[in-house]
Every structure is written in structure tokens, then in C-alpha cells.
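Read the structure below first, then the notes.
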Amino acid sequence: MTFEIIRLMIVLSGLLLTVVLFYHFPRLAKLKDEKFPLQKISIIIPARNEEKNIALLLGDLAKQKISIHEIICVDDASEDKTSEVIKSFPVQLLVIKDKPQGWLGKSWACESGAAIATGDILLFIDADVRLSPDSVFKLLTTHVNEKSAISVQPYHKTEKFYEQFSLIFNFIQFAGNGSGLPQQRNVGFFGPVIMISREDYQAIDGHNSVKGTIIEDVALGEQMKRHQIPYKNFIGDGDISFRMYSGGFRSLFQGWTKNM
């Protein structure tokens with residue numbers, strides 16, 4: 001009987017934690033006839049071996065209903081035709097070959113793109129993200145309304161059975177970040193989509209402040225907290241999505257290893 005009671009308590013505790021951790025799913029602002037002061041948006045896309053994805057994203061950006069000041073694609077030492085694909089679009093291409101000592105992950109690509117950007121607002125987007133025509137406007141609306149930097153965990157689209165296994169990691173990341181709590185208590189940004197004012201980015205010393213970490217999105221959030229600069233995380237729904245592990249089970253395993 002004691003064992004049955006313990007098992008029941010474990011189940012009830014799990015249900016209670018589920019209610020707390022997934023209290024709500026924060027979503028981007030709904031579309032309205034918002035009128036904002038003119039703000040220049042610089043989109044920075046770090047890309048390494050993304051010849052298949054980058055064309056899709058740049059095609060989505062070409063259809064946005066809001067004016068974009070500039071799009072900067074940073075080819076991070078790709079070994080495929082990423083640069084050639086980028087050159088077929090009316091965007092800026094920056095090619096970087098070797099990371100300076102002490103830099104890990106995609107931080108050097110993001111920092112390099114931000115260094116030449118001229119916009120008031122910086123929007124970092126991973127190359128495998130897909131956007132609806134309203135996406136950038138929704139991001140800007142939310143950024144202005146919340147008066148803070150924002151990040152988005154895209155809706156994860158899957159096509160093959162093995163990709164379903166990533167669902168548990170998506171839930172762990174969302175819950176572990178504290179984004180669904182009754183009062184959001186973020187551990188860090190969601191890395192695929194980050195919108196931040198140039199002023200705030202410079203205040204935390206940009207990606208230079210997190211150059212030594214692979215999980216730069218979490219580290220950036222910690223830098224924001226350290227400088228007492230607010231930020232909020234959101235869920236992308238159908239407007240902002242991605243397919244993370246299209247390269248087979250090996251890509252899924254590599255993604256899990258990084259998140260571990």
C-alpha cells in the first residue's frame with residue numbers, strides 16, 4: 001500500500017509541475033494597424049553549410065509586409081554552395097573563414113554581421129527558420145509593445161518519424177527556460193530568433209561577451225540580466241517555424257548532444 005501511495009504522489013506531483021511549467025505559451029502580438037516611429041531593422045543571418053535552407057529563408061524575407069533596412073548573410077566557413085545561393089539574392093554577403101582564438105559556435109558570425117549593420121534594431125535569425133509574410137511585423141510590434149528585447153522558439157515542423165524524438169527536448173528547453181511559468185523567469189534567450197535594439201546589444205558588449213560558450217543564447221540572456229536589461233521569450237506558432245534535424249538521425253543526435 002505504501003508503494004501505491006508513493007507512486008500516486010509521484011503522478012500527482014508530475015501533473016502539478018506540468019500545470020506550473022506550462023501555465024501558458026507566450027505568443028507574439030496579434031496584428032493591428034500599429035504605427036511606430038521609423039526604425040531601421042537590420043537582419044543578420046549566420047549560415048554555415050546552409051545552401052538548402054538559406055534560399056527558403058531569403059525568399060520568405062522578400063515577401064515581408066514591412067520594410068527591412070538591410071539583410072546581412074554571414075557565411076561562416078561553409079564547405080557547400082551557401083555563398084553562391086546568397087549571391088542570387090539582393091542582400092549583403094559577408095564571408096568569414098577563421099574564428100579568432102577563444103570564439104566558439106556561431107557567435108563570431110553574429111558579431112561580425114552586427115559590426116557592419118547600420119540599423120536601429122538587430123534581428124538575428126538562424127538560416128533554417130521559416131517566416132510567414134507577417135512575421136517581422138509581429139516581431140517589431142511585440143518588441144515595441146513589450147519595450148524589451150525578445151526571442152522566439154519557432155514551431156518545430158517534422159516530416160520524418162525520427163524527428164518526432166526531438167519533441168521531448170523542445171519541451172525540456174521551454175520548461176527549463178521558465179518561459180511558460182505564471183510569471184516568466186527566463187534563463188536565457190531562444191537562439192533561432194532574437195530581436196534586440198542596437199543600444200541594448202552594445203550595452204552587453206554583443207556576442208563578444210559570450211564568445212567562449214557553445215550555448216550562446218543562454219549566455220546572452222545571462223548578460224542581459226547582469227546589465228538589468230529586460231527581455232522576453234515567445235513561441236512562434238505557425239508564423240515562425242523551423243525543421244531542425246532534416247539531415248538524418250545523426251543531425252538529431254548532434255543537436256541533442258549540444259543541448260545536453
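Index from 1, following the sequence.
When hydrophobic clusters are built by joining Ile, Leu, Val, Met, Phe, Trp and Tyr residues whose side-chain heavy atoms come closer than 4.5 Å, directly or via intermediates, V144 is grouped together with I121. Linking ILVMFWY side-chain heavy atoms closer than 4.5 Å, directly or via other members, places L56 and L58 in two distinct hydrophobic clusters.
A search for side chain to side chain donor-acceptor pair (under 3.5 Å) contacts involving S83 returns D75, not counting sequence neighbours. With sequence neighbours left out, A219 forms a side chain to side chain contact (heavy atoms under 4.5 Å, CB included) with V210, T213. Scanning for side chain to side chain donor-acceptor pair (under 3.5 Å) contacts around N49 gives an empty result, with sequence neighbours left out. A search for side chain to side chain contact (heavy atoms under 4.5 Å, CB included) contacts involving D126 returns P46, K106, D128, V129, P192, not counting sequence neighbours. Scored by the side chain to side chain donor-acceptor pair (under 3.5 Å) test, N208 finds D205 as partners (sequence neighbours excluded). By the salt bridge (Lys or Arg N to Asp or Glu O under 4.0 Å) test, E84 is found to be paired with no residue, residues two or more places apart in sequence or in another chain being considered. Every residue two or more places apart in sequence or in another chain that forms a side chain to side chain contact (heavy atoms under 4.5 Å, CB included) with Q202 is listed here: R198. Judged as a side chain to side chain donor-acceptor pair (under 3.5 Å), and not counting sequence neighbours, H143 has no contacts.
Nearest heavy-atom pair, L220 versus G206, reported as atom, atom and distance to 0.1 Å: CD2-O, 3.9 Å. The two residues L61 and I68 have their closest heavy-atom pair at O-CD1, 4.0 Å. Of all heavy-atom pairs between D239 and S135, the closest is O-OG, 2.8 Å. Closest of all the heavy-atom pairs between A114 and L122 is CB-CD1, 4.1 Å. V91 and C73 get closest at one heavy-atom pair: CG2-SG, 4.0 Å.
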What pairs of donor and acceptor atoms, side-chain ones from residues 92-101 against any protein atom, are under 3.5 angstrom apart with sequence neighbours left out?
{"residue": "Q92", "atom": "NE2", "partner": "E70", "partner atom": "OE1", "Å": "3.1"}
{"residue": "K99", "atom": "NZ", "partner": "G105", "partner atom": "O", "Å": "3.4"}

Practice item. Please report the C-alpha distance between M224 and Y231 in whole Å, then the side-chain angles of each, then the deciding distance to 0.1 Å, and finally whether the side chain to side chain contact (heavy atoms under 4.5 Å, CB included) criterion is met. Key: CA-CA 7 Å; M224 296 288 282; Y231 71 95; 3.6 Å; yes
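Residue H227 holds its NE2 atom at 7.5 Å from CD1 of I204, rounded to the nearest 0.5 Å. For the atom pair CD of E50 and CD1 of I45, the computed distance is 10.5 Å after rounding to the nearest 0.5 Å. For the atom pair SG of C110 and CD of E216, the computed distance is 6.5 Å after rounding to the nearest 0.5 Å. Rounding to the nearest 0.5 Å gives a distance of 8.0 Å between OG of S42 and CG of D120. A distance of 7.5 Å separates CG of D134 from CD of Q64, quoted to the nearest 0.5 Å. Between the CG atom in L123 and the CD1 atom in I72 there is a gap of 11.5 Å [rounded to 0.5 Å].
Counting only residues at least two apart or on different chains, the salt bridge (charged side-chain N to carboxylate O under 4.0 Å, His left out) pairs with a member in residues 143-155 are E146-K232. Every pair passing ring pair (Phe, Tyr, Trp, His ring centres under 6.0 Å) that includes a residue from residues 45-103 is listed here, sequence neighbours excluded: W103-W108.
D76 places no side-chain N or O within donor-acceptor distance of the main-chain N or O of A109, the cut-off being under 3.5 Å. The backbone N or O of E51 sits less than 3.5 Å from a side-chain atom of T82, completing a donor-acceptor pair. For Y201 (side chain) and H207 (main-chain N/O), a donor-acceptor pair under 3.5 Å exists by modelled atom type. With Q153 contributing its side chain and F190 its backbone, the two residues share no donor-acceptor pair below 3.5 Å.
The aromatic ring centroids of F124 and F189 lie 6.0 Å or more from each other.
Side-chain contact check for I240 versus K138: every heavy-atom pair is 4.5 Å or farther apart.
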